[in-house]
Student: 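This is the structure, below, for whatever I ask next.
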Amino acid sequence: MTARAARARRRSRAASLLLFAWRRHRVLFVGAVLAIFVTASAVFADRIAAYSPYDVDIANKLRPPSTAHWLGTDEYGRDVLSRTIYAARISIKVASVAVAVGLIGGTVIGSVAAYSGGVVDLVLMRLMELLFSFPAILLAIVLMAVLGTNILNAMTAIGIIFIPGFSRLARAATQGAMRQQYVEAAYAIGMSDLRILVREVLPNIVTPLIVEAMQAFAYAVILEASLSFLGLGAQPPEPSWGNMLSSGRGFMDQAPWLGVVPGLTMFVGVLGFNLLGDGLRDLLDPRMRLRIAGATMAPDTSLAPRSTAGEGPAFQEAESAESVAR
Amino acid sequence: MTLELALLAFIVANAVAVPCGAIAARFHQQRLDYIATLMATILGAVANFWLATLLILIFALKLRILPAGGYVSIAENPIRNLSLMILPALSLGLVSSALLLRIMRAGKIEVLVSDYIRTAVAKGAATSRVVWHHALRNALIPFLTVGAVEFGWLFGGVVIIEDIFLLPGVGQLVLVGIINRDYPILLASTLTVTVVVLTATCWSMSWPASSIRARSM
């Protein structure tokens, strides 16, 4: 077989894989494409962006979109497209660190609480409920006020917000896993508690946590932008979708694109990660796979028993999205 | 002030979520359902302050039919007050409606396939009566639980919206407290919001206890 034929075959296999992904897991596919698009533009910002996000050009300020500046310029003549691309970097960075903080912190607290039970469980979970009782954005704002306004603190503050949600999920999942016989067997052969948690329990609770992490990621992007919008996150001239929208507000009747472009990009990113989370859940949740295609609900046409498989998870999904949001 | 905004936003959220969710469930896996689900997905991904910016851009700057910001007490001039409150309430409420819509849809689908609905159909009740009378009531149970929590969250979400629309509410106080490093103000305003949120959450927890279904179980 020639090298060319091998390459052609590989290419057609890749194409059919993509087609398969599109047909079977449409939500996951669209989500992944959008998420990869935004993440890639963040990673390769310095190669994609035509201008530096800090280059001031007062002579060309507030110019509408043109061939030189595809999405126009802002009040200092900086290229909006370049700034938007660089802003993705900050969002992705903050969201990744924040989700990592929440995921690790929440998993440790939740699984330890469930594993130990008793007083430890009680104290840890009441602490989490204490954090839960604040609205997320308010907690973030207050934490920023206490910690001081910079990007590192924004990551910490958003991460802390996510800890209660992840810890609840990890606790419930750990409780489920601990009833399994393999944990009992591990205990019987004399494994240490830490070893049981890390080697036996953790691999079995990781799936719901990953799905939750995707949803949390999307929410973290919004939270970071909210903080920057209020002047508590990324500080100018560093570009962030939040502070771009905030400074664009003053020029809305002369330069409406300043209020549209960063928000639209943020929307695409958030939508991407949301769909990615939904798609992953559908893929990983075995109950969703049972969904019978074409099970329609029309009370007037038929009285035959109808399948509800798949609706339970839909309700759960809304609840899990909610637990992240709080 | 903040309470008024949160209430209005809550009304907006419900006004969108209840009918849309119910219609989506009624036409489950048909075109209307997909449209409603798509709408929920899109609204769920929009940041409320960007929606606020867009609404100002469209309604205040382009169409010039609504004011961009400011505040008049409802006792002073109710009509002016309402016209000032529409945009903030929309931008808060529409974003919240995404989650409520999903809950409403899921809850109603669950109810529509239950036995007593089939009984009602078998007895010959009109479809519209079954869908809107028998089913809606029970579908509202999970919805109300989440709705109360959502109300508490709306109350917390006002910070940014009040800043954008120059509304002198609790959210503004929080920001003023932070910017001036005025910790007593920050403490008091945060406490106020948290108490409201906790009240809403407690109410949502007590709701299932008072519902007929829970009592009969």
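Predicted model, so just to flag it, every value in this text is computed and none were measured. A note on names: the letters A, B, ... follow the listed sequences, proteins ahead of strands, and every chain is numbered from 1.
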Student: Identify the two heavy atoms, one from B/L87 and one from B/L66, that lie closest to each other, and give their separation to 0.1 Å.
Tutor: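 Smallest heavy-atom distance, with atoms named: CD2-CD1, 3.8 Å.
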Student: Measuring from B/L186:CG to B/R181:CZ, what's the distance to the nearest 0.5 Å?
Tutor: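 The CZ atom of B/R181 is 9.5 Å from CG of B/L186, to the nearest 0.5 Å.
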Student: Can you tell me how far the CZ atom of A/F273 sits from the CE atom of A/M214, to the nearest 0.5 Å?
Tutor: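 The CZ atom of A/F273 sits 6.5 Å away from the CE atom of A/M214.
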Student: Considering only heavy atoms and a distance below 4.5 Å, find which of B/V197, B/T53, B/I160 pairs most often with chain A.
Tutor: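 Most heavy-atom pairs within the cutoff with chain A belong to B/I160.
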Student: Indicate the atoms forming the closest heavy-atom contact of A/A157 with A/A140, along with that distance.
Tutor: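 Taking A/A157 first and A/A140 second, the nearest heavy atoms are CB-O, 4.2 Å.
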Student: Please determine whether side chain to side chain contact (heavy atoms under 4.5 Å, CB included) holds for the pair A/R168 and A/E129, giving the CA-CA distance in whole Å, both sets of side-chain angles, and the decisive distance to 0.1 Å.
Tutor: CA-CA 9 Å; A/R168 277 189 170 187; A/E129 275 163 22; 3.6 Å; yes
Student: Looking at A/P256, A/G259, A/S226, which makes the most heavy-atom pairs under 4.5 Å with chain B?
Tutor: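 Among A/P256, A/G259, A/S226, the one with the most close pairs to chain B is A/S226.
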Student: Which atoms form the tightest heavy-atom contact between B/D163 and B/Q172, and what is the distance?
Tutor: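 Smallest heavy-atom distance, with atoms named: CA-NE2, 3.5 Å.
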Student: Need one label for A/A225: side chain, backbone, both or neither, based on atoms under 4.5 Å from any heavy atom in chain B.
Tutor: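 Contact with chain B is through both the backbone and side chain of A/A225.
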Student: Which atoms of B/V174 come close to chain A, meaning under 4.5 Å heavy atom to heavy atom: side chain ones, backbone ones, both, or neither?
Tutor: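 Looking at B/V174, just its side chain touches chain A.
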Student: So which part of B/I42 gets closer than 4.5 Å to some heavy atom of chain A, the side chain, the backbone, both or neither?
Tutor: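 When you check distances to chain A, atoms from both the backbone and side chain of B/I42 fall under 4.5 Å.
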Student: If you count heavy-atom pairs within less than 4.5 Å of chain A, which of B/L54, B/V46, B/L51 leads?
Tutor: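 Max contact count across the listed options: B/V46.
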Student: Side chain, backbone, both or neither: which part of A/I137 has an atom under 4.5 Å from a heavy atom of chain B?
Tutor: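 Only the side chain of A/I137 comes within 4.5 Å of chain B.
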Student: Counting only non-hydrogen atoms closer than 4.5 Å, does B/I179 touch chain A with its backbone (N, CA, C, O), its side chain (CB onward), both, or neither?
Tutor: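 For B/I179, no heavy atom lies under 4.5 Å from chain A.
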Student: In terms of heavy-atom contacts, does CZ of A/F29 have more than 12 from other residues, nucleotides or ligands at under 6.0 Å?
Tutor: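 Counting neighbours around CZ of A/F29, more than 12 heavy atoms of other residues, nucleotides or ligands fall under 6.0 Å, so yes.
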Student: Tell me, side chain or backbone of A/L139 under 4.5 Å from chain B's heavy atoms, or both, or neither?
Tutor: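 Interface part for A/L139: neither.
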Student: Between the side chains of A/D278 and A/Q215, does any donor sit under 3.5 Å from an acceptor?
Tutor: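 A/Q215 and A/D278 do have a side-chain donor-acceptor pair below 3.5 Å.
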Student: Which pair of heavy atoms, one from B/M39 and one from B/C20, lies closest together, and at what distance?
Tutor: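 Minimum heavy-atom contact is CE-SG, 3.8 Å.
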Student: Check each atom of A/I141 against the heavy atoms of chain B and say whether the ones under 4.5 Å are side chain, backbone, both or neither.
Tutor: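 Contact with chain B is through both the backbone and side chain of A/I141.
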Student: With a 4.5 angstrom heavy-atom cut-off, could you sort out which part of A/F229 is near chain B: side chain, backbone, both or neither?
Tutor: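 Side chain only.
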Student: Go through A/L230, A/N274, A/L271 and name the one with the most non-hydrogen pairs under 4.5 angstrom from chain B.
Tutor: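 If we count pairs closer than 4.5 Å to chain B, A/L230 comes out on top.
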Student: Measuring heavy-atom distances to chain B, does A/L223 have an atom under 4.5 Å in its side chain, in its backbone, in both, or in neither?
Tutor: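 Contact with chain B involves no heavy atom of A/L223 at all.
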Student: Relative to chain A, which of B/L57, B/I56, B/L198, B/V158 shows the most heavy atom pairs under 4.5 Å?
Tutor: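 The candidate making the most pairs under 4.5 Å is B/L57.
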